Engineer: 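Just dropping this structure here.
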Amino acid sequence: MARRCCRATSRSTAKIYAKLRESFISTIFLFVCLLFPFTTKAGLYTASDQIVILTPDNVDSVLVNSTAAMVVEFYASWCGHCIAFSPVWKSLARDIKEWKPAMDLAAIDCANPVNIPICSGFDVKGYPTLKFFHAYSKADSKGQVFKAFPRDVRGLRHKLIDLMETHKDPWPPACPPLETASKVEIDNFFDTNNVEHLALIFEMSNSYVGREVILDMLQYENLAVRRVLNTEEGLVTKLGVTDFPSCYLYYPSGNFTRLIVHNEARVFYSYALQTLPRVVRAGKLPQPPPTYDLMKNTTGDHERPFNRSRVYMADLESTLYYSLRVELAAHTVIKGEALSALQEYFTVLVKYFPGRPVVMNLLKSVATWLKDRKDSELSYSSLKDALDNTAEVPNAALPDSVRWVGCQGSKPHFRGYPCGMWTLFHVLTVQAKEAASKDPQEVIQAMRLYVYYFFGCRECATHFENMAMESMSQVGTWITPVLWLWSRHNQVNNRLAGAPSEDPRFPKIQWPPPELCPSCHGVKPTGEHTWQQEEVLAFLHTHFSSEHLLSDYLEEEGQLLSRQKESLVARQNQEAKRGTERRARDTMSELLPGQEEEDEEEEEGAEEELAAEEEMGQRAGGEMSEPPPGVKIKAGGPRQPHRKPSVVGLKLRPVQDEIVDLDSFVDHHYKAKALRAAAAMSSRVRTRTLQRQEEPRLRASLEQGTRLGLGLEPVEPDDLLGQRNMLQKRILTGQYMGSEEEGALEMYPRLNKRQWMSLLSVGFSRLDISLCVILYFLSSTCLLAMYLFFKNRLQLRRTKVALP
């Protein structure tokens, strides 16, 4: 007993140590991965694959108490088998996309350190591991493991159906019953169900077609699908069924008819049922069934009946307009790799776009202009000038508006530009094939770069880039670009089917549909749908060829050219008007600021002369190592800034020696006076010269301002110059007192007069001083008159008082 107890204790202790060792190792590994995040790898799936990516943040909300059954792949991104299995898992997600309300696929990367606790919690030991989680699973559910699961889409799809049929209550609410129907149930079906169409699929007991179609159509309203076995003799006899599988439509009145399809297979049944009258996806409004003859739009725009089986040049030109004039306009500056992508885009358009001569001429001119540019940046304004044909290239123009025809939707926000862009890409790939392009990836790479850098829907650009990165290496010959783009377009249609952006009148389908190209569709011996790629290639070559394009609703080339010419003339007139207004503003700004600059120069000269005179009076006999301050040297040396006179910081000059060299004093003193007088004379000569040069320019400016209606009145030049001279004389500081006609230089100035006049007239002219003297005289006279008046009156009063 003791031994058994010891053995039990030792075993439990070993288990504890093992668990501690595992948790310790996991902790260390998690710490290292968090410390060095570059050691972790990205997962094998993205949101574009229509697979739910599980993380610690959403694992509980996705798996616990979900209304849909979930199938989860636990994988490691470094596992070779997981990498090989990932394309199958992605294809399965696209294949059963319509089953999502009842069943969905998920995946989690157990190589990511943050997901290790989740994978360990679900007892995942190897990769890849598939687990099935029933709807409304509990929090402690570990899931049902797939044992020896198939590695193809068909086998996995059948495995999922088997698991769904073993589903226990509660049943997923969105999933219809998958069991077979009896004659009694069918006879009473319309008593309990309010639908317009009942589709009965007759099949063998080992067939999955009926259940697959039931799940394919579970998102559609006004339709119910039931499966009937060949052993249900009552219904088989009543409807006269002889082929298994086959599909019959049963109506409330008891009438029935066989559903005509190209092949008795799942894909054909599902597509035919989706196109029945008033059968719509849940949440969409009923729309008339699509036809491939002439249709009418319902956008409120001008009605343009169109043929859905043809391609319209109006859609291609509208795509060019929106791409070049609207989408590129969002990029004010284009540089670097984006500029290279734009150049490649124009190169491909010039080489392969099957446009009209007027459009091709403009595309060639813009492509040549882009190629010849040497700048590393491109502003959209300059590109817009090239698109507007400001260079006036003959017979060249682009449409100036959109006019959707085959790409018009039932509402303005449906289809349009995305449809046109796909159509343009298809046309370019087909034209490159016809031209036998040496580089099979030329068109696809140009499209890829344009979408990456310029396409407005950034999420769409991300999805497209993911598809390109995943399979661009498969494009190796001139045939594969056409098929590659076609397959990726169908992949996008599959992902967007049922999205809010889907036009209910033009649902997202796998294109081309059977009625448009019956030979493109085939069936494998197993009953699976397959594409006949040779037939698809031939159909694409015919559908997108330049000979197959319709020119309906195109604007005449003459109208395009005339409207472009009118636009250029209006633009030139507007630019000319703006230039005239700008020159007028510049002229007005030159009138006063020019005078102010000259007045400032003369004021500076006057102040410097005054300062030089005072300094010369104080520095009698001092040595002069610089030119006299009264001489203004304009050539050489920077212009000194204007400074106001200031007495702050003045210091007493040291007492000079009483012994003065009279010869030196006379020489320097009178030499300075002579230089100062010469400078004053040159200033007056320069002023007269400027007046003569300015007179015709002022007259021309005023006449131009009068013609432009700027409110300028013509004024005689003599008056303007007279006012200007008056302003100059008011600004001068009393250094030049004579009239302009006095040309004599005052070599020996009258010092006493200049001293008191300079003292009285600092900042004033002679007129100002004269007015002041007159005012003082008048005020003194008034005071004297008042004094005499009151004095005489006082004497009269005294005389009256003295009288008896």
Side-chain angles (χ1 to χ4, degrees), residues 67-69 71 92-105 132 134-135 153-167 169-183 185-186 188-190 192-232 235-236 239 241 243-251 256 258-259 261 263-276 279-282 494 497-498 507 509 527-529:
T67 58
V71 185
L92 179 64
R94 292 192 295 268
D95 186 80
I96 65 171
K97 177 184 180 297
E98 300 293 347
W99 302 9
K100 283 184 178 295
M103 181 188 303
D104 204 357
L105 301 186
F132 180 82
H134 294 273
V153 174
R154 179 175 178 270
L156 287 171
R157 190 173 64 243
H158 293 173
K159 182 69 173 179
L160 296 181
I161 291 175
D162 293 338
L163 291 173
M164 283 294 294
E165 288 187 314
T166 62
H167 199 289
D169 291 335
W171 184 260
C175 184
L178 300 179
E179 64 271 8
T180 59
S182 63
K183 183 178 183 302
E185 179 186 352
I186 299 303
N188 300 321
F189 181 83
F190 290 101
T192 57
N193 295 273
N194 184 21
V195 294
E196 186 173 346
H197 304 279
L198 173 60
L200 300 178
I201 297 179
F202 293 85
E203 61 183 350
M204 300 292 185
S205 59
N206 61 347
S207 173
Y208 286 87
V209 174
R211 287 166 286 184
E212 291 171 344
V213 175
I214 290 173
L215 292 171
D216 287 342
M217 300 303 298
L218 65 87
Q219 295 193 50
Y220 288 82
E221 298 177 345
N222 211 17
L223 171 71
V225 183
R226 294 292 184 268
R227 57 188 291 252
V228 182
L229 296 181
N230 61 333
T231 58
E232 191 66 35
L235 283 175
V236 172
L239 275 65
V241 180
D243 298 326
F244 302 93
S246 60
C247 181
Y248 286 78
L249 298 177
Y250 196 81
Y251 297 99
F256 59 89
R258 184 169 180 173
L259 185 65
V261 293
N263 289 286
E264 303 292 338
R266 168 206 172 193
V267 173
F268 298 94
Y269 289 150
S270 298
Y271 176 76
L273 293 175
Q274 292 173 13
T275 59
L276 290 176
V279 173
V280 295
R281 190 181 295 274
N494 179 271
I509 61 174
E528 290 293 297
H529 172 268

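No experiment lies behind these values; they were computed from the predicted model shown.
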Engineer: If I compare all heavy atoms of Leu229 with all of Ser205, which pair ends up nearest, and what's the gap?
Structural biologist: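 Where Leu229 meets Ser205 most closely, the heavy atoms are CD2-CA, 3.7 Å.
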Engineer: Going by heavy atoms in the side chains, are Phe189 and Val195 under 4.5 Å from each other?
Structural biologist: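 Yes - at least one pair of side-chain heavy atoms lies under 4.5 Å apart.
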Engineer: Kindly give the heavy-atom pair with the smallest separation between Ala272 and Val261, and that separation in Å.
Structural biologist: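 Nearest heavy atoms, Ala272 then Val261: CB-CG1, 3.8 Å.
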Engineer: Give every residue pair that meets the salt bridge (charged side-chain N to carboxylate O under 4.0 Å, His left out) criterion with at least one member in residues 263-276, sequence neighbours excluded.
Structural biologist: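 Salt bridge (charged side-chain N to carboxylate O under 4.0 Å, His left out) check on residues 263-276 returns Asp95-Arg266, Asp216-Arg266, Arg258-Glu264.
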Engineer: Is there a side chain to side chain contact (heavy atoms under 4.5 Å, CB included) between Ile186 and Leu198 once you walk through the steps?
Structural biologist: CA-CA 9 Å; Ile186 299 303; Leu198 173 60; 4.2 Å; yes
Engineer: Any idea how Phe132 and His167 line up, ring-wise: parallel (<30°), tilted (30 to 60°), or perpendicular (>60°)?
Structural biologist: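 Ring orientation, 0 to 90° scale: perpendicular.
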Engineer: Considering non-hydrogen atoms only, spot the tightest contact between Val209 and Ser207 and give its length.
Structural biologist: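 Closest heavy-atom pair between Val209 and Ser207: N-OG, 3.2 Å.
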Engineer: Does a side-chain heavy-atom distance below 4.5 Å link Ile161 with Trp99?
Structural biologist: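 The answer is yes, as the side chains (C-beta and beyond) meet within the 4.5 Å cut-off.
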Engineer: Using 30° and 60° as the class limits, which term best fits the ring planes of Phe202 and Tyr248: parallel, tilted or perpendicular?
Structural biologist: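 Ring orientation of Phe202 relative to Tyr248: perpendicular.
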Engineer: Rounded to the nearest 0.5 Å, how far does CG of Leu92 lie from NZ of Lys97?
Structural biologist: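 That separation rounds to 14.0 Å.
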Engineer: Atom CG in Leu239, atom CG in Leu249: separation rounded to 0.5 Å?
Structural biologist: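 It comes to 10.0 Å.
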Engineer: Atom CZ in Arg226, atom CD in Glu179: separation rounded to 0.5 Å?
Structural biologist: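 Spacing of CZ (Arg226) from CD (Glu179) equals 8.0 Å.
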Engineer: So does Val267 get a backbone contact from the side chain of Ser270, meaning a donor-acceptor N/O pair under 3.5 Å?
Structural biologist: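 Not confirmed, Ser270 side chain does not pair with Val267 backbone.
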Engineer: Are the side chains of Ile96 and Leu215 in contact, using a 4.5 Å heavy-atom criterion?
Structural biologist: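 Counting from C-beta outward, Leu215 and Ile96 never come under 4.5 Å.
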Engineer: If you compare all heavy atoms of Ser246 against all heavy atoms of Tyr269, which two are closest, and at what distance to 0.1 Å?
Structural biologist: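 Nearest heavy atoms, Ser246 then Tyr269: CA-OH, 3.1 Å.
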Engineer: Please check this pair: side chain of Asn222 against backbone of Glu196, looking for a donor-acceptor N/O pair closer than 3.5 Å.
Structural biologist: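 Yes, Asn222 side chain to Glu196 backbone: donor-acceptor pair under 3.5 Å.
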Engineer: Taking atom CG of Asn194 as the centre, report whether more than 12 heavy atoms of other residues, nucleotides or ligands fall under 6.0 Å from it.
Structural biologist: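 No, because the 6.0 Å sphere around CG of Asn194 holds 12 heavy atoms or fewer from other groups.
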Engineer: Do the side chains of Leu156 and Val71 get nearer than 4.5 Å, heavy atoms only?
Structural biologist: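 SC-SC contact between Val71 and Leu156 ruled out.
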Engineer: Would you call Tyr208 and Asp162 a side-chain contact if the rule is heavy atoms closer than 4.5 Å?
Structural biologist: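 Side chain of Tyr208 against side chain of Asp162, heavy atoms only: contact under 4.5 Å found.
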Engineer: Is it true that Glu203 and Arg211 make a salt bridge, defined as a side-chain N closer than 4.0 Å to a carboxylate O?
Structural biologist: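 A salt bridge is absent here (no side-chain N lies under 4.0 Å from a carboxylate O).
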Engineer: Which atom names give the shortest non-hydrogen contact between Arg94 and Asn494, and what distance separates them?
Structural biologist: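 Answer, listing the atom of Arg94 first, then Asn494: O-ND2, 3.0 Å.
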Engineer: If you measure from CE on Met204 to CG on Asn230, what distance do you get to the nearest 0.5 Å?
Structural biologist: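 Met204 atom CE to Asn230 atom CG measures 4.5 Å (nearest 0.5 Å).
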Engineer: Could you state the interatomic distance from CZ (Arg227) to OG1 (Thr180), rounded to the nearest 0.5 Å?
Structural biologist: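 Answer rounded to 0.5 Å: 6.0 Å.
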Engineer: Angle between ring planes, Phe190 versus Tyr250, binned at 30° and 60°: parallel, tilted or perpendicular?
Structural biologist: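 Taking Tyr250 first and then Phe190, their aromatic rings lie parallel (interplane angle under 30°).
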Engineer: Looking at side-chain heavy atoms only, is the closest gap between Glu98 and Met217 below 4.5 Å?
Structural biologist: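 Not in contact.
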Engineer: Does a side-chain heavy-atom distance below 4.5 Å link Ile201 with Ile214?
Structural biologist: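 In short, these two side chains do not touch, never coming nearer than 4.5 Å.
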Engineer: Any side-chain heavy atom of His158 within less than 4.5 Å of one from Glu212?
Structural biologist: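 When only atoms from C-beta onward are counted, Glu212 and His158 do touch, with a gap below 4.5 Å.
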Engineer: Can you see which heavy atom on Cys247 is nearest to which on Ala199, and at what distance?
Structural biologist: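 Heavy atoms only, the tightest pair is SG-CB, 4.1 Å.
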Engineer: Just verifying a value: how many Å separate Met103 CE and Leu163 CG, rounded to the nearest 0.5 Å?
Structural biologist: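 One finds 7.0 Å between CE of Met103 and CG of Leu163.
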